[in-house]
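By convention here, the first residue in the shown sequence is residue 1. Here the structure is a predicted model, which is why all the values come from computation and not from measurement.
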Amino acid sequence: MSETAVAELPRDFDGLRALILGQRESLPKRIAQIAAYALDNPDEIAFGTAASIAISAGVQPSTLIRFAQHLGFDGFTSLQGVFRERLRERNSSYEEQLNTLRADEGTAGNHRILDGFLTASRKSLDVMGRSLDEGTLDRAIEMLAGAETLYILARRRSYPVASYLAYALGKLGVRYQLVESAAGLDPEMIAFATPKDAALVISFSPYAAATIEDARGLAERGVPVIAITDSAFSPLASTARLWFEVAEADFGGFRTLSSTMALAMALAVGIGEARRAPRGRRRRSRE
């Protein structure tokens, strides 16, 4: 049994998440693996069996019990109750959505697909509105606005966000370098970055290995890295000076980019505004 007192056990998902994040640096490897999976896939933890969750997370079922006990619970079932409680307030809306989809089967199929993605986007934006830390946003904009050159790194699913940022920053007169090259010159582009610059790096699970490697290399050379990612257990979270956690909802297994794009737009406009502020005013705002 963990040293965590029973009276201190979290009774809601936010409290459990805070408890896990508070211990993430000291978690054994396998327990850290299931902890990351649990935070990234809370619905699966709530609905799954110990066997199915263990298979999905790539661990042994006994690891789930050890994970629960490490946090102070008497077993996995008790821990799973916290994840199920998280869903209680949402059950009615889920049932309504499912009933609507069943009622519409065979008719207006394409409209149902659109409606599904609109619903997922609204959910993502609502979560962003509740969870985004304003202080982190302000510090990130200040750091990015003060860079001589802003390097933007993203690949695969995250690339549309990088492309939009490059477009917006260019229109706002901000010096940037979108790290992409058909000739495979990404390392040469990144090599020009110095501590006077900054990098905005975007990657979601499954993380692009090249993006993680590039971000780590930049950080090791003293280049400030700001990350947009999806979990406190993301490899970018331990590399970046500041990072944003963005949880995108999905429809039919396809995740939207609505919250990520909204955050990117806020960063771009914030950077543009900060760079246009009088130098003295910008200096006072940092004090």
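Of all heavy-atom pairs spanning V223 and A199, the tightest one is CG1-N, 4.2 Å. Among all heavy-atom pairs drawn from A268 and A168, the shortest one is CB-CB, 3.9 Å. Here the closest heavy-atom approach between residue A237 and residue S231 is recorded as CB-O, 4.0 Å. The heavy-atom pair separating S56 from Y37 by the smallest distance is CB-OH, 3.1 Å. A57 and Q33 make their closest contact through O-NE2, 2.8 Å (heavy atoms, listed as atom of the first residue, atom of the second, distance). The minimum heavy-atom distance linking F83 with A38 is given by the pair CE2-O, 3.7 Å.
S26 contributes atom OG, which lies 5.5 Å from atom NE2 of H70 (distance to the nearest 0.5 angstrom). Note that CD1 of I202 and CZ of F244 are 11.0 Å apart. Values are rounded to the nearest 0.5 Å. Atom CD1 of residue I152 and atom OH of residue Y164 lie 11.0 Å apart, to the nearest 0.5 angstrom. Put simply, CG on L21 and CD on Q23 are 10.0 Å apart, with the number rounded to the nearest 0.5 Å. From R139, atom CZ reaches atom CG of D133 across 6.0 Å, with rounding to the nearest 0.5 Å. Here the straight-line distance linking atom CD of E142 with atom CG of L137 works out to 11.5 Å at 0.5 Å rounding.
S78 places no side-chain N or O within donor-acceptor distance of the main-chain N or O of D74, the cut-off being under 3.5 Å. With hydrogens and angles disregarded, a donor-acceptor distance shorter than 3.5 Å links the side chain of T119 to the backbone of D115. No donor-acceptor distance shorter than 3.5 angstrom exists from the side chain of R255 to the backbone of A249, with no hydrogens or angles considered. For the pair T239 (side chain) and P235 (backbone), a donor-acceptor distance under 3.5 Å is present.
Between P28 and I31, the closest side-chain pair of non-hydrogen atoms falls below 4.5 Å. You'll find the side chain of I20 reaches within 4.5 Å of the side chain of L71, heavy atoms only. Within the 4.5 Å cutoff, no side-chain heavy atoms of D230 are placed close to those of E248. Side-chain atoms of I212 and R216, non-hydrogen and from C-beta on, do get closer than 4.5 Å to each other. Side-chain contact between R175 and L150 is absent, with no heavy atoms from C-beta onward closer than 4.5 Å. Between L39 and F13, some side-chain heavy-atom pair lies under the 4.5 Å cut-off. Between L79 and L64 there is no side-chain heavy-atom pair separated by less than 4.5 Å. Between I53 and F76 the shortest side-chain heavy-atom distance falls below 4.5 Å.
For the side chain to side chain contact (heavy atoms under 4.5 Å, CB included) test with L200, the passing option among I271, I226, L153 is I226; the others fail. For the side chain to side chain contact (heavy atoms under 4.5 Å, CB included) with L236, the qualifying choice from I228, V225, V201 is V201, the only one to do so.
No continuous path of hydrophobic side-chain contacts links W243 to L257 [ILVMFWY only; heavy atoms under 4.5 Å]. Under a hydrophobic clustering in which Ile, Leu, Val, Met, Phe, Trp and Tyr are joined whenever their side-chain heavy atoms come within less than 4.5 Å, directly or via other members, M128 and M265 fall into the same cluster. Hydrophobic clustering (side-chain heavy atoms under 4.5 Å, transitive across Ile, Leu, Val, Met, Phe, Trp, Tyr) groups V174 together with V161. If you chain together hydrophobic residues whose side chains sit under 4.5 Å apart, M261 and L125 never meet in one group. Criterion: ILVMFWY side-chain heavy atoms under 4.5 Å apart, direct or through other members. Under it, I65 and I34 are not part of a common hydrophobic cluster.
Legend: salt bridge (charged side-chain N to carboxylate O under 4.0 Å, His left out) pairs involving residues 145-158, not counting sequence neighbours, sorted by first then second residue: R155-D186, R155-D214. The stretch residues 188-206 participates, sequence neighbours left out, in no salt bridge (charged side-chain N to carboxylate O under 4.0 Å, His left out) pair at all.
A donor-acceptor pair shorter than 3.5 Å cannot be found between the side chains of Q177 and T149. A donor-acceptor contact closer than 3.5 angstrom links the side chains of T49 and S52. Judged by distance alone, the side chains of R30 and T63 never bring a donor and an acceptor atom under 3.5 Å apart.
Aromatic rings from Y151 and Y176 are positioned such that their centres are separated by 6.0 Å or more.
Counting heavy atoms of neighbouring residues, nucleotides and ligands inside a 6.0 Å radius, atom CZ of R221 exceeds 12 of them.
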* Asked: Would V127 and V246 satisfy side chain to side chain contact (heavy atoms under 4.5 Å, CB included), going step by step from the backbone distance to the final call?
  -> CA-CA 9 Å; V127 172; V246 180; over 6 Å; no
* Take Y167 and L178 through the side chain to side chain contact (heavy atoms under 4.5 Å, CB included) test and state the conclusion after the steps. => CA-CA 10 Å; Y167 168 80; L178 178 60; over 6 Å; no
* To do: Go through T260 and F204 one step at a time and tell me if the side chain to side chain contact (heavy atoms under 4.5 Å, CB included) criterion holds.
  => CA-CA 11 Å; T260 312; F204 303 106; 3.5 Å; yes
